[in-house]
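Below is one structure, written out as structure tokens, with a few remarks after it.
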Amino acid sequence: MTHTNVKIGKTDVETTPLGLGTNAVGGYNLFPNLKDEDGLNLVTAGLNHGIRLLDTAFVYGLGHSEELVGQAMHNFDRHSFALATKGAQDFSTGEQVINNDPAFLTQQVDASLQRLNTDYLDIYYIHFPDKQTPKAEAVGALQRLREQGKIRAIGVSNFSLAQVKAANADGYVDVVEDEFSLLHRDHEADLMPYLRDHQISFVPYFPLASGLLTGKYDQDVTFPADDIRSQISDFQEPRYGQALKAIAKVKPIAAAHQATVAQTILAWYMQNPLISVVIPGAKRAAQVTANAQALDVTLSASDYQTIDAAFAAFKVTANGKSLADPD
Ligand code: NAP
């Protein structure tokens, strides 16, 4: 393994810079036709192949992802890996409402601990910001849970930079999880440098752009109407063609490292100084096993720059759009 472990924020939570996203482990409300057995095998494969951060959430299968992750991880020493989960979705009225109320978050942490069958969480994220709760009060509730030993690091997810600043008023925020990939570079100019300057870790989600950045698609891909990818702009022109052109430039670098495109792109994230842990998801154990090998891929400075430049069209310019977006 050539990539060294990282610490989360100012805490002593330690993990490999490659984690495992588990929204397809029991996430029946997000993906059709998932099998519990595949989910259990995914998590087992990740831990067997050296991945040391599992990223789940209550909303993935409304508790089912947490139950399956909890089941799979019990074959491993609990102190040998880090466990992250998230909450904020309140279904008490029958429909989903985002709720950051301190009492609700406190209750949610206890419910997650129970489903995961563990007595501490290495990271707990407020999954989405609500409109009404002052963010420092929401984080204050998590700080009290940290003092009780129930959580070790405090995270927020899908917060704007202004909301992160408000949440971190007392300096308690350790980690932010938000969308970022070589195709979605919006946070590169403001949020990510702010986090680095404040010793807050950044964990990007959708790093493989729902599989597009694995290099497995070619010019003629179509998805059925009920597949979410049929609506994602990355799979539509002009972004799709630009993405394929950029991926073509990664292929010779991958070949030189005897690596796949996915492993090469995951290595790029691990070498990005603004990124702490990259958490690709997977549907099958074989994908996890393959992705874990990215821990052995080290890019030269010139490879790193070539990949960065290949995706330059996806950087966001001063008008808030990227060159890959339609006019
Ligand atoms: P992703 O990592 O961009 O893409 C993962 C998908 O790519 C897999 O499900 C698989 O789909 C394909 N894939 C992965 N490895 C592959 C390989 N080696 N070869 C070929 N295909 C491969 O997207 P994601 O899983 O949706 O997101 C990552 C994680 O981020 C999630 O699991 C979740 O934990 C987290 N997340 C968090 C939030 C938040 O609000 N905080 C939101 C979204 C996601 P196919 O096999 O179907 O192609």
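One-based numbering, in listed order, for ligands and for the atoms of each. Because the structure is a prediction, the values reported are computed rather than measured.
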So if I count the atoms of ligand 1 from 1 in the order they appear, which ones are less than 4.0 Å from some heavy atom of [X]?
X      : result
Gly21  : 29 (C), 31 (C), 32 (O), 34 (O)
Asp55  : 33 (C), 34 (O), 35 (C)
Ala282 : 8 (C), 9 (O)
Gly211 : 4 (O), 7 (O), 12 (C)
Thr22  : 32 (O), 34 (O)

State whether a side-chain donor-acceptor pair under 3.5 Å links [X] with [Y].
X      : Y      : answer
Thr2   : Thr298 : yes
His184 : Asp234 : yes
Glu147 : Gln143 : yes

Considering only the protein, which heavy-atom contact is closest to [atom], and what is its distance?
atom                    : result
atom 11 (O) of ligand 1 : Lys283 NZ, 3.1 Å
atom 3 (O) of ligand 1  : Leu208 N, 2.9 Å
atom 46 (O) of ligand 1 : Gln287 NE2, 2.9 Å
atom 35 (C) of ligand 1 : Tyr60 OH, 3.6 Å
atom 29 (C) of ligand 1 : Ile279 O, 3.3 Å
atom 39 (C) of ligand 1 : Tyr205 CE2, 3.2 Å
atom 45 (P) of ligand 1 : Lys216 NZ, 3.5 Å
atom 15 (N) of ligand 1 : Asn291 ND2, 3.0 Å

Heavy-atom pair of closest approach, residues Thr44 and Phe76: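 Shortest heavy-atom contact: O-CZ, 4.0 Å.
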Return a yes/no value for [X]: is any of its N or O atoms, backbone included, closer than 3.5 angstrom to an N or O of ligand 1?
X      : result
Lys86  : no
Pro280 : no
Gly281 : yes
Ala209 : yes

Pairing of Lys315 and Asp308 as salt bridge, 4.0 angstrom limit: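 Answer for the salt bridge query: yes.
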Electrostatic pair Arg52:Asp122 at N-O distance under 4.0 angstrom: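 No, this pair does not count.
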Pairs meeting criterion ring pair (Phe, Tyr, Trp, His ring centres under 6.0 Å) with involvement of residues 229-250, two or more places apart: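 Non-adjacent pairs meeting ring pair (Phe, Tyr, Trp, His ring centres under 6.0 Å): Tyr217-Phe235, Phe223-Phe235.
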Test ring pair (Phe, Tyr, Trp, His ring centres under 6.0 Å) applied to His198 - qualifying residues, sequence neighbours left out: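 Testing His198 for ring pair (Phe, Tyr, Trp, His ring centres under 6.0 Å), a comparison that skips the adjacent residues, returns Tyr194.
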For Lys86, the option from Tyr125, Tyr124, Tyr60 that meets side-chain hydrogen bond (donor to acceptor under 3.5 Å, both in side chains): Tyr60
Close approach, His127 and ligand 1, non-hydrogen under 4.0 angstrom: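 Contact present.
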Non-hydrogen atom of Ser210 closer than 4.0 Å to ligand 1: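 Under 4.0 Å: yes for Ser210.
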Backbone N/O of Ser65 and side chain of Asn23: donor-acceptor pair under 3.5 Å: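 Not a single qualifying donor-acceptor pair exists.
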Ser157 (side chain) donor-acceptor with Glu177 (main chain) under 3.5 angstrom: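 A pair under 3.5 Å: yes.
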Structural part of Asn158 in contact with ligand 1, heavy atom criterion under 4.0 angstrom: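 Looking at Asn158 and ligand 1, just side chain atoms fall under 4.0 Å.
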Connected via hydrophobic side-chain network under 4.5 Å: Leu18 and Val277: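 Per the 4.5 Å side-chain linkage, Leu18 and Val277 are not co-clustered.
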